Amino acid sequence: MSPKAVWILAEQREGKVADVSYELITRGRELADQRGTELCAVILGDNLSDAELQTLIDRGCDRVLHASAPELRHFLPEPYDKCLQALIVKEQPEILIAAATSTGRTVMPCVAGPLRAGLTADCTGLQIEADTGNLLQTRPAAGGNIMATIKTPERRPQMATVRPHSTRPAPSISGRTGRIDRWQPPADLLKSRVRRVDYTPAVETQAIQDADVVVAVGRGFKKGDNVELARKLANVLDGAVGASREAVDRGWLPYPAQVGLSGKTVSPKLYIAVGVSGTVQHLAGMQTSETIIAINSDSEAPIFNYAEIGLCGDLFTLLPMLTAKIAAAKQS
Amino acid sequence: MKIIVLIKQVPESQATRMDETTGTLIREAASSVINPLDLHAIECALLIKEAAKEKCEIVCLSMGPPAATKVLREAMALGVDHGVLLSDRAFAGSDTWCTAFTLAAAVRKLGLPDLILCGERATDGETGQTGPAMGAFLDLPVISFVSHIEQIAGGWRARRMLEDGYETVEIDGPALACVLKEAAVPRLPTLQGKRLSRAKDIDIMSAQDLGVSQDDTGLKASPTRVVKIFRPSHLKKCEKLPAMDPAQAEKAVDRVVCLLKEKGLI
């Protein structure tokens, strides 16, 4: 008999499958193939369309399990926890991975508690151990100074959250088939002591965790008005503007833009650190970025140790020049 | 009203040491401080207490070696009323499941409060899992990524920072909230606070006091095992380009544009 299924916890916003779900498919497909088993996406929401759910199959799932109720439209801790637990108890998957997002990082520990499942946070690597079939979960800890590989030898499911952007989204393959199961949870699983009463979209147009390119603003910008220079560079790269703690403390950018230990962890394709010295706290939030470029007037700034290319010079000269040249390169 | 704030002692520097055989962090070695985000949780509790019409008691709860009394003492210098430390060799090596289970047992012993506060994550393990798992064990709604919290009639109102914006939620009855830096600006201890803190008691509780068995706490009971630890190789051979004068700057910027093209980023 083949082992039990590999599950991913897909996410949706306003009825659309969130892109981070497709990254989970990349991870999940690999694991399911190695284990010779089925890959199933679980998605909680309010009556998603077949077309939306089919995208999960097109990108590599064998099955989609959609828990559907009006109460599941937005993340609420209790219904999400209870519904996911009920599905796990019923179907006993071998592995469950979720994205290390505000939803994944909240619901996974709530589920793992009562199920006594092992859970590893914010993994950047997942593999199957050759002889045992156990899931090997690798994650950074202690500000990225240490990597740890963790496994759950006995308890099932083996659970992990995965750092967004730590892998590519799975591509869509036309003609893939799979089955879509819809499940209407009973009312007692949907009870909530928490009500969502208001929602305000972020000031910045793009969230830094979702961006492929992040231009980070540090103390070197000298004043808030100068942040415009970073915004212009971010615009030509379709990126978002991030910030060091100093830049946020000075009120140049709002807290949601803060990268680092007391802010967000990002892992974009390209991270351009401008006027950012690279404190250990900041490095912890961005050092898994694919390509890092640093611009700093201090040639000894620690950020240079993590950058592929470092420009030692004046950001007020270099930034507009870089923006113009990238714009020109994109034109041609 | 009663508020319990969970605090963790973390190494002051980033030079964390690990036990190479068990893969767990060595906590006694480095000089320890309160996990930075926990200071924000303490501040939230103090602000709620100051705004409350009723009497309010704030208890700080920690789990760790006897030396962790130091961070509880620091919390009390800020205005926390009472400190409780869970300390027992039996707890050593607990993963987040066992830690949450043990802390939850302690909360039951202390009596379920109106609110449990903790920092969203600690700077050493960076899992952010213990708080939510504890909420699940205690059947409390878990309010994560909290950037503001206040008391309302019959419960709490909190603002959560999500990927794409801020969400406001209202909670009926007790809750567990994991707070972000934005939730409050920590105050500094006062001389009087420090003096008062020395007179306050810290209760130390063992596994036996909690009625927690070896099957549910410590390294052996933990569902997860550390297989190996290693130093990551993030350090890159940086191509450092001088860009002080205009000619250098132009050359350096061209090199960056070239790299971005090579990598298909533009």
Side-chain angles (χ1 to χ4, degrees), chain A residues 77-78 101-102 105-106 109-110 112-114 116-121 141-143 145-153 155 193-202 207 209 255-256 261-262 269-270 280 287 291 293 304-313 317-318 321-322 325-326 329-330, chain B residues 14 16 18 23 36-37 96-97 100 123-129 132-133 135-137 141-142 144-145 161-173 181-182 223-230 232 234-236 238-244 249 252-253 255-257 259 261 263 265-266:
Chain A
E78 294 161 285
T101 53
S102 59
R105 290 183 70 106
T106 309
C110 289
R116 204 179 182 135
L119 171 63
T120 306
N145 288 311
I146 286 168
M147 298 294 284
T149 301
I150 291 161
K151 68 176 174 183
T152 302
R155 303 295 308 175
R193 286 166 286 185
V194 182
R195 287 179 309 279
R196 188 185 207 250
V197 294
D198 188 35
Y199 177 75
T200 318
Q209 309 97 299
Y255 176 59
L261 269 188
S262 52
K269 285 183 192 163
L270 174 62
V280 281
Q287 61 187 341
T291 300
I293 291 172
F304 286 125
N305 295 329
Y306 294 81
E308 219 164 299
I309 292 188
L311 307 191
C312 317
T317 314
L318 292 167
M321 196 187 279
L322 183 59
K325 285 195 187 260
I326 289 172
K330 284 181 83 175
Chain B
Q14 292 291 317
T16 316
M18 298 198 77
L37 279 178
T96 58
W97 191 95
T123 50
D124 52 356
E126 286 183 75
T127 70
Q129 291 180 172
F137 286 132
V142 173
S144 54
F145 301 94
M161 189 175 99
L162 308 181
E163 282 75 8
D164 48 3
Y166 286 96
E167 173 192 81
T168 303
V169 293
E170 289 178 357
I171 307 108
D172 296 327
K181 181 183 128 169
E182 209 175 32
T224 60
R225 290 276 177 282
V226 177
V227 181
K228 64 170 178 176
I229 47 175
F230 55 100
H234 289 305
L235 289 176
K236 301 234 169 72
C238 180
E239 184 182 336
K240 227 188 260 185
L241 305 170
M244 298 300 184
V253 167
R255 176 70 193 100
V256 172
V257 174
L259 177 88
K261 275 192 198 155
K263 293 193 175 254
L265 290 163
I266 49 174

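Being a predicted model, the structure only gives us computed values, none of them experimental. A note on names: the letters A, B, ... follow the listed sequences, proteins ahead of strands, and every chain is numbered from 1.
When Lys228(B), Lys240(B), Glu126(B), Glu170(B) are compared by the number of non-hydrogen pairs under 4.5 Å with chain A, Glu170(B) comes out ahead. Contact count versus chain B (heavy atoms, under 4.5 Å) is highest, among Ala117(A), Pro114(A), Pro256(A), Ala329(A), for Pro256(A). The candidate from Thr168(B), Thr96(B), Thr127(B), Leu37(B) with the greatest count of non-hydrogen atom pairs under 4.5 Å with chain A is Thr168(B). Interface check for chain A: of the options Val169(B), Val256(B), Leu162(B), Leu265(B), the most heavy-atom pairs under 4.5 Å are formed by Val169(B). Among Gly113(A), Cys312(A), Gly313(A), the residue with the largest count of heavy-atom pairs under 4.5 Å with chain B is Cys312(A). The candidate with the highest count of non-hydrogen atom pairs below 4.5 Å against chain B, out of Glu78(A), Lys330(A), Lys325(A), Lys269(A), is Lys325(A). Heavy-atom pairs under 4.5 Å with chain B peak, among Thr149(A), Thr106(A), Thr120(A), at Thr149(A). By number of non-hydrogen pairs under 4.5 angstrom with chain A, the leading residue of Gly173(B), Pro242(B), Pro132(B) is Pro132(B). Heavy-atom pairs under 4.5 Å with chain B were tallied for Leu270(A), Ile309(A), Ile293(A); the largest tally goes to Ile309(A). With chain A as partner, the option from Ala100(B), Gly128(B), Ala252(B) having the largest number of non-hydrogen pairs under 4.5 angstrom is Ala252(B).
Note: Ile150(A) CD1 to Arg225(B) CZ = 11.5 Å, rounded to the nearest 0.5 Å.
For the pair Ile326(A)/Val257(B), a side-chain contact is recorded, criterion being any heavy-atom separation below 4.5 Å from C-beta on. Phe145(B) is not listed as a side-chain neighbour of Thr101(A), based on a closest heavy-atom distance of 4.5 Å or more.
Looking at Leu318(A), the atoms closer than 4.5 Å to chain B (heavy atoms on both sides) sit in the backbone and in the side chain alike. Contact annotation for Lys181(B): both backbone and side-chain heavy atoms come within less than 4.5 Å of a heavy atom of chain A. Looking at Pro36(B), there are no atoms closer than 4.5 Å to chain A (heavy atoms on both sides), in backbone or side chain. Only the side chain of Phe137(B) comes within less than 4.5 Å of a heavy atom in chain A; its backbone stays farther off.
Between the Arg155(A) side chain and the Thr224(B) main chain, no donor and acceptor come within less than 3.5 Å of each other.
Across all non-hydrogen atoms, the minimal contact from Ala207(A) to Glu163(B) is CB-O, 2.9 Å. Taking both residues in full, the closest heavy atoms of Cys110(A) and Ala136(B) are given as O-CB, 3.3 Å, listed atom of the first, atom of the second, then distance. For the residue pair Pro153(A) and Pro223(B), the shortest heavy atom distance occurs at CD-O, 3.6 Å.
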